[in-house]
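Heads up, the thing below is written out as structure tokens.
All values below were derived from every heavy atom in this structure, side-chain atoms included, with hydrogens, water molecules and symmetry-related copies excluded.
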Amino acid sequence: MDNFQTVLRFFMNQKATIGYSFMALLTIGGERVFSMVSFQCPCNHDQNFAYGLTFLLGPAGVLLILGLFFSTRLWRLYTGCCLNPMKLCPRGNCFSSLRVFMNIFSGACVAPIMWLCVALLNGTFYECAVSGLDDNLVVDLFCKNKTLRCREELARVPCDRSKLTADERMELLLMFRAQSQILGWCIIIISAFVGLLGTCYTNCRSKVSYLQLTFWKRYVEKEKECFDTFAADYANKLAERNLHSFFGNNDPAPFPFPNHRAWEEISALHTFSRSEQYYSTLQRYVERTDRDFTPEKRPVLDVEHGIEMH
């Protein structure tokens with residue numbers, strides 16, 4: 001049992017690394033499926049570039065949108081900001097909001113960058129895209145010291161329909177693949193360097209020590225886990241109370257519930273202060289001595305979702 005707890009604790013501590021590794025495996029598998037099943041280069045000057053670039057950048061764009069769409073921090077930051085713009089600038093500090101959005105965006109960029117790196121290292125999409133370029137400088141670079149047929153058959157090189165000799169076609173394919181892999185490694189190196197610089201800058205500008213920052217991250221994770229569990233249990237109890245009242249045809253029992261303003265306060269963007277040292281907006285709210293326990297006097301109706309809150 002102790003060994004099981006040790007293994008479980010190890011996986012819980014390394015869940016970020018495991019998550020990124022799993023994402024990398026999915027990216028590699030997805031790229032292989034695209035390359036082998038759905039990708040077929042048209043091999044003509046009019047379509048090669050657009051077709052290859054679509055397969056190279058299209059999935060990256062979709063992964064970026066999905067990363068932003070499933071970001072809880074993004075929706076916590078922007079939900080209701082049109083009606084209350086001050087949510088984006090708590091205490092007049094708009095820089096914190098911009099910094100949080102940059103963190104959200106950089107986190108959402110992990111999967112697209114993985115896709116680009118894997119796709120470029122494979123080289124299939126790049127070969128199709130670059131073979132369809134009509135720019136004279138690019139064509140001169142590829143067909144330098146070659147016959148005029150190279151210019152005419154360049155778009156057919158990724159396919160077997162090229163009229164070039166096998167050696168000429170293989171030479172061009174190796175050139176395309178080498179360029180694609182160099183570009184892929186450049187993206188990997190730049191991403192790693194930017195990530196290192198960003199981490200160094202964040203830690204350098206941190207208002208707390210390394211151990212306190214580690215505790216802060218652990219607390220935020222545990223608070224989210226406990227909130228999800230407690231909210232599900234509390235919602236279940238509220239639903240049971242309402243159903244008992246409805247089917248029993250009697251008045252509902254008193255049920256304590258946070259008011260609308262309390263929800264707004266704990267959903268606000270958290271900014272750390274040395275004078276307060278609260279680790280979340282929830283902690284700041286519950287430790288206040290002037291909390292408002294009175295319920296809302298009028299219902300707050302969300303017309304779009306049909307939700308009435310009291």
Side-chain angles (χ1 to χ4, degrees), residues 1-23 26 66-81 87 90 100-101 103-104 107-108 110-111 208 211-248 252-272 276-289 291-296 299-300 302 304-310:
M1 188 65 180
D2 293 338
N3 293 333
F4 175 76
Q5 292 291 338
T6 302
V7 173
L8 182 61
R9 192 179 304 112
F10 171 78
F11 280 108
M12 290 299 295
N13 293 335
Q14 302 296 325
K15 60 183 179 181
T17 304
I18 295 173
Y20 284 128
S21 301
F22 184 69
M23 188 186 302
L26 286 179
L66 290 177
L68 293 174
F69 184 80
F70 289 109
S71 174
T72 304
R73 296 180 65 193
L74 178 66
W75 301 123
R76 182 172 181 174
L77 179 65
Y78 284 100
T79 299
C81 66
K87 291 183 63 175
V100 171
F101 179 76
N103 290 336
I104 295 172
V110 173
V208 298
L211 291 179
Q212 190 175 5
L213 182 62
T214 303
F215 172 79
W216 187 359
K217 292 178 180 178
R218 292 288 177 86
Y219 170 79
V220 172
E221 292 177 1
K222 293 300 181 181
E223 182 186 88
K224 183 181 182 303
E225 293 176 3
C226 293
F227 181 86
D228 292 340
T229 303
F230 195 87
D233 182 62
Y234 211 72
N236 183 62
K237 291 179 180 178
L238 178 60
E240 290 180 352
R241 171 255 199 183
N242 294 338
L243 289 171
H244 282 303
S245 174
F246 175 76
F247 285 104
F255 198 89
F257 198 76
N259 59 30
H260 180 64
R261 183 176 180 182
W263 285 108
E264 287 290 328
E265 291 190 20
I266 69 169
S267 300
L269 180 66
H270 174 65
T271 53
F272 186 83
E276 297 177 339
Q277 293 200 20
Y278 298 135
Y279 295 104
S280 69
T281 52
L282 178 62
Q283 184 185 6
R284 177 186 287 125
Y285 177 78
V286 299
E287 294 190 12
R288 280 175 46 188
T289 57
R291 284 185 290 167
D292 182 14
F293 293 100
T294 59
E296 292 291 326
V300 180
D302 188 334
E304 181 181 355
H305 298 92
I307 300 174
E308 186 176 348
M309 298 176 291
H310 293 276

List the atom of [X], the atom of [Y], and the distance in Å for their closest heavy-atom pair.
X	Y	result
Ala108	Gly67	CB-C, 3.9 Å
Arg73	Val100	NH2-CG1, 3.6 Å
Trp263	Pro258	NE1-O, 3.4 Å

Neighbour count above 12 (heavy atom, 6.0 Å) for Phe227 CZ: no

Between [atom1] of [X] and [atom2] of [Y], what distance do you get to the nearest 0.5 Å?
X	Y	atom1	atom2	result
Glu264	Thr281	CD	OG1	11.0 Å
Arg218	Leu213	CZ	CG	11.5 Å
Leu238	Leu243	CG	CG	9.5 Å

With sequence neighbours left out, what residues match [X] under side chain to side chain contact (heavy atoms under 4.5 Å, CB included)?
X	result
Lys237	Asp233, Phe255
Ser245	Asn250, Pro252
Ser267	none
Leu66	Val62, Phe70

Qualifying residues under salt bridge (charged side-chain N to carboxylate O under 4.0 Å, His left out), relative to Arg288, sequence neighbours excluded: Glu265, Asp290

Listed partners of Glu223 passing salt bridge (charged side-chain N to carboxylate O under 4.0 Å, His left out), at least two apart: none

Worked verdict on Phe101 versus Leu74 for side chain to side chain contact (heavy atoms under 4.5 Å, CB included): CA-CA 7 Å; Phe101 179 76; Leu74 178 66; 4.1 Å; yes

All side chain to side chain donor-acceptor pair (under 3.5 Å) counterparts of Lys224, not counting sequence neighbours: Asp228

With sequence neighbours excluded, residues passing side chain to side chain donor-acceptor pair (under 3.5 Å) with Arg241: none

Phe215: partners by ring-ring contact (aromatic ring centres under 6.0 Å, His included), with sequence neighbours left out: Tyr279

Phe230: ring-ring contact (aromatic ring centres under 6.0 Å, His included) partners, not counting sequence neighbours: Tyr234

Side-chain (Trp216) to main-chain (Ser280) donor-acceptor, under 3.5 angstrom: no

Derivation of the side chain to side chain contact (heavy atoms under 4.5 Å, CB included) call for Glu225 and Lys222: CA-CA 5 Å; Glu225 293 176 3; Lys222 293 300 181 181; 3.8 Å; yes

